[in-house]
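Below is the structure I would like to discuss, written out as structure tokens.
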Amino acid sequence: HFHGAVGHDFCDADEAGLQAIADFEASKGVLAICPATMTFSEEILNGIMDVAAAHKNGQGADLVGINMEGPYISAAKKGAQCGDFIRKPDFEEFLKLHEICPVCLVDVAPEAEGSNAFAARAKAYCTVSAAHTNSDYETAEKAFEAGFSHATHLFNAMTQLGSRTPGVVGAVFDSDSVTAELICDGFHIAPATLRIAFQLLGEDRSVIVSDAMMASGLADGDFELGGQKVYVRDGKALLADGTIAASTTNLYDEFRNVLRFGIPFRQALKSCTINPARVIHADKETGSIVQGKRADLLVLDRDMEIRMVIARGEIVVNHDR
């Protein structure tokens with residue numbers, strides 16, 4: 001789950017920009033990507049899907065599918081998404097977009113009209129995730145029974161865990177099967193809260209995501225996300241009103257973060273590799289070192305510094321030369 005890097009946004013629908021993003025991700029050892037759309041009109045989403053479908057893998061990170069973050073979300077919890085295009089879940093629209101370029105994950109607010117009926121159908125095509133939602137615990141619980149199986153950037157843009165109102169966060173923790181994303185830049189979620197979340201989710205349900213925007217890999221400055229101005233200061237991305245707007249990190253740096261925060265090595269590793277691969281049903285091709293899968297390998301030294309990146313069996317980064 002990320003939106004862009006090095007000055008480019010996936011939603012720019014620009015092939016050169018998409019390739020620049022793929023090259024940057026590969027330099028950080030991220031070799032399979034599932035970039036996210038934003039809340040736009042169907043016409044704009046069509047254009048984004050067209051460029052993604054035409055993209056040729058084989059250089060940099062391989063695009064394995066699309067994360068549809070919006071437009072089926074809650075206006076009350078839209079975060080940095082544009083409220084003008086928010087709409088109720090539309091299976092026919094989703095299917096048209098999926099047919100242009102495979103959608104691996106679609107975000108839906110469980111309280112949206114028709115969300116459970118949508119999930120019951122869409123789950124045959126991709127993972128349905130609770131996201132940007134003002135849902136209460138009971139509504140989220142029913143959504144997980146109906147076909148939702150994942151939660152997008154847990155804690156962010158959703159109802160929180162309270163003593164008398166468990167919210168979506170509580171419904172996720174109370175489940176034994178729902179997987180959940182965690183942004184591990186140390187800003188979106190406090191390290192102590194991350195430690196609690198990783199412990200509750202266990203080794204197989206935790207998924208580390210960056211939710212990175214085009215400022216990833218660049219210095220502070222002014223950028224855009226989903227048509228809105230984003231101000232990055234001290235590495236923190238905010239809208240003008242102070243709303244957190246994605247991150248400026250990357251998966252490799254987050255891996256190192258969580259080790260520093262005290263997350264067990266094995267869980268941290270699985271949360272960056274096989275767990276997200278399973279969520280988007282890419283685990284038959286990537287996500288672990290198994291005969292028959294793609295030879296995508298990241299070699300680190302004892303200090304967790306990148307020594308080598310191997311993509312599709314070829315060395316693409318070698319810091320030992």
Side-chain angles (χ1 to χ4, degrees), residues 1-5 9-12 34-41 44-45 48 66-89 105-112 115 127-136 139-140 143 148 150-162 165 167-172 180-190 193-194 197 207-216 222-249 254:
H1 179 174
F2 80 113
H3 298 273
D9 191 303
F10 172 61
C11 290
D12 290 341
C34 182
T37 60
M38 293 285 284
T39 297
F40 288 118
S41 66
I44 292 174
L45 290 173
I48 296 168
I66 305 302
N67 175 341
M68 252 185 88
E69 187 184 9
Y72 313 136
I73 60 175
S74 164
K77 295 288 185 180
K78 63 185 177 64
Q81 301 275 347
C82 180
D84 294 343
F85 297 109
I86 291 174
R87 49 198 181 271
K88 65 182 181 181
L105 188 147
V106 60
D107 285 352
V108 181
E111 72 275 22
S115 63
T127 296
V128 182
S129 181
H132 290 275
T133 168
N134 206 32
S135 166
D136 58 20
T139 302
F148 286 72
H150 186 67
T152 294
H153 44 51
L154 193 69
F155 294 106
N156 291 279
M158 64 178 58
T159 49
Q160 302 300 303
L161 173 64
T165 53
V168 176
V169 173
V172 171
E181 301 172 0
L182 296 163
I183 303 173
C184 300
D185 57 0
F187 172 52
H188 280 76
I189 308 172
T193 305
L194 279 172
V207 175
I208 295 175
V209 298
S210 68
D211 195 17
M213 57 170 293
M214 63 165 60
S216 178
D222 298 347
F223 302 91
E224 281 196 3
L225 178 67
Q228 300 189 82
K229 198 80 168 180
V230 176
Y231 304 89
V232 177
R233 303 292 183 268
D234 297 323
K236 298 174 181 177
L238 301 172
L239 298 182
D241 64 2
T243 300
I244 296 177
S247 84
T248 62
T249 188
E254 286 184 296

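Since this is a predicted model, take the numbers as computed values, not measurements. Nothing fancy with the numbering, it's 1 onward along the sequence.
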Roughly how far apart are Thr39 OG1 and Ile86 CD1, rounded to 0.5 Å?
5.5 Å
If the condition is side chain to side chain donor-acceptor pair (under 3.5 Å), which residues does Ser247 pass it with, not counting sequence neighbours?
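If we apply the side chain to side chain donor-acceptor pair (under 3.5 Å) test to Ser247, skipping adjacent residues, there are no hits.
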Working to the nearest 0.5 Å, report the span between CG of Asp211 and OG of Ser216.
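Asp211 CG to Ser216 OG: 11.0 Å, rounded to 0.5 Å.
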Kindly indicate whether the side chain of Asp9, heavy atoms from C-beta on, has any atom under 4.5 Å from the side chain of Glu224.
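Result no, sub-4.5 Å side-chain heavy-atom pair not found.
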Quick one: does any side-chain atom of Thr159 pair with a main-chain N or O of Ser135 as donor and acceptor, under 3.5 Å?
yes
What I'd like to find out is whether the side chain of Val232 reaches to under 4.5 Å of the side chain of Asp222, using heavy atoms alone.
no
Taking the side chain as every heavy atom from C-beta outward, state whether Val169 and Val172 have any atom pair closer than 4.5 Å.
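A side-chain contact is absent here, since even the closest heavy-atom pair is not under 4.5 Å.
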Residues two or more places apart in sequence or in another chain: which of them pass salt bridge (charged side-chain N to carboxylate O under 4.0 Å, His left out) with Lys229?
none
Gap separating the OG1 atom of Thr152 from the CD atom of Glu181, nearest 0.5 angstrom
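That separation rounds to 4.5 Å.
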Results of salt bridge (charged side-chain N to carboxylate O under 4.0 Å, His left out) for Asp241 - residues two or more places apart only:
none
State, yes or no, whether a side-chain contact exists between Thr249 and Phe187 at a heavy-atom distance under 4.5 Å.
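No, too far: nothing below the 4.5 Å cut-off.
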Regarding Asn134 and Ser74, do their side chains bring together a donor and an acceptor under 3.5 Å, going by distance alone?
no
Among all residues two or more places apart in sequence or in another chain, which pass the ring pair (Phe, Tyr, Trp, His ring centres under 6.0 Å) test with Tyr72?
Phe118
Rounded to the nearest 0.5 Å, what separation is found between the CE atom of Met214 and the NE2 atom of His3?
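So the CE of Met214 and the NE2 of His3 are separated by 11.5 Å.
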For a quick test of reading the model, state the closest non-hydrogen atom pair linking Ala80 to Gln228 and the distance between them.
O-NE2, 2.6 Å
Nearest non-hydrogen partners of Asp107 and Gly70, listed with the distance
CB-N, 4.0 Å
More than 12 heavy atoms of other groups within 6.0 Å of Asp234 CG:
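No, because the 6.0 Å sphere around CG of Asp234 holds 12 heavy atoms or fewer from other groups.
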Side-chain touch Ile66/Phe10, heavy atoms, less than 4.5 angstrom
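They are in contact (side-chain heavy atoms under 4.5 Å apart), so the answer is yes.
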Any non-hydrogen side-chain atom of Glu254 less than 4.5 Å from a side-chain atom of Ser210?
yes
Taking the side chain as C-beta and beyond, is there a heavy-atom pair between Phe2 and Pro35 under 4.5 Å?
yes
Return each pair, listed once, that meets salt bridge (charged side-chain N to carboxylate O under 4.0 Å, His left out) where at least one residue sits in residues 67-86; pairs must be two or more places apart or across chains.
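Found none.
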Might you point out which heavy atoms bring Ala36 and Cys11 nearest each other, and give the distance in Å?
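Heavy-atom minimum between the residues: O-SG, 3.9 Å.
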At what distance, to the nearest 0.5 angstrom, does CG of Leu154 lie from CD1 of Ile189?
6.5 Å
Give me the atom names and distance for the closest heavy-atom approach of Ala197 to Phe155.
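Minimum heavy-atom separation between Ala197 and Phe155: CB-CE1, 4.0 Å.
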What distance do Cys34 atom SG and Asn67 atom CG have between them, rounded to the nearest 0.5 Å?
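Result: 5.0 Å between the selected atoms.
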For His153, check ring pair (Phe, Tyr, Trp, His ring centres under 6.0 Å) against everything at least two apart and list the hits.
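Checked His153 against ring pair (Phe, Tyr, Trp, His ring centres under 6.0 Å); matches are His1, His132.
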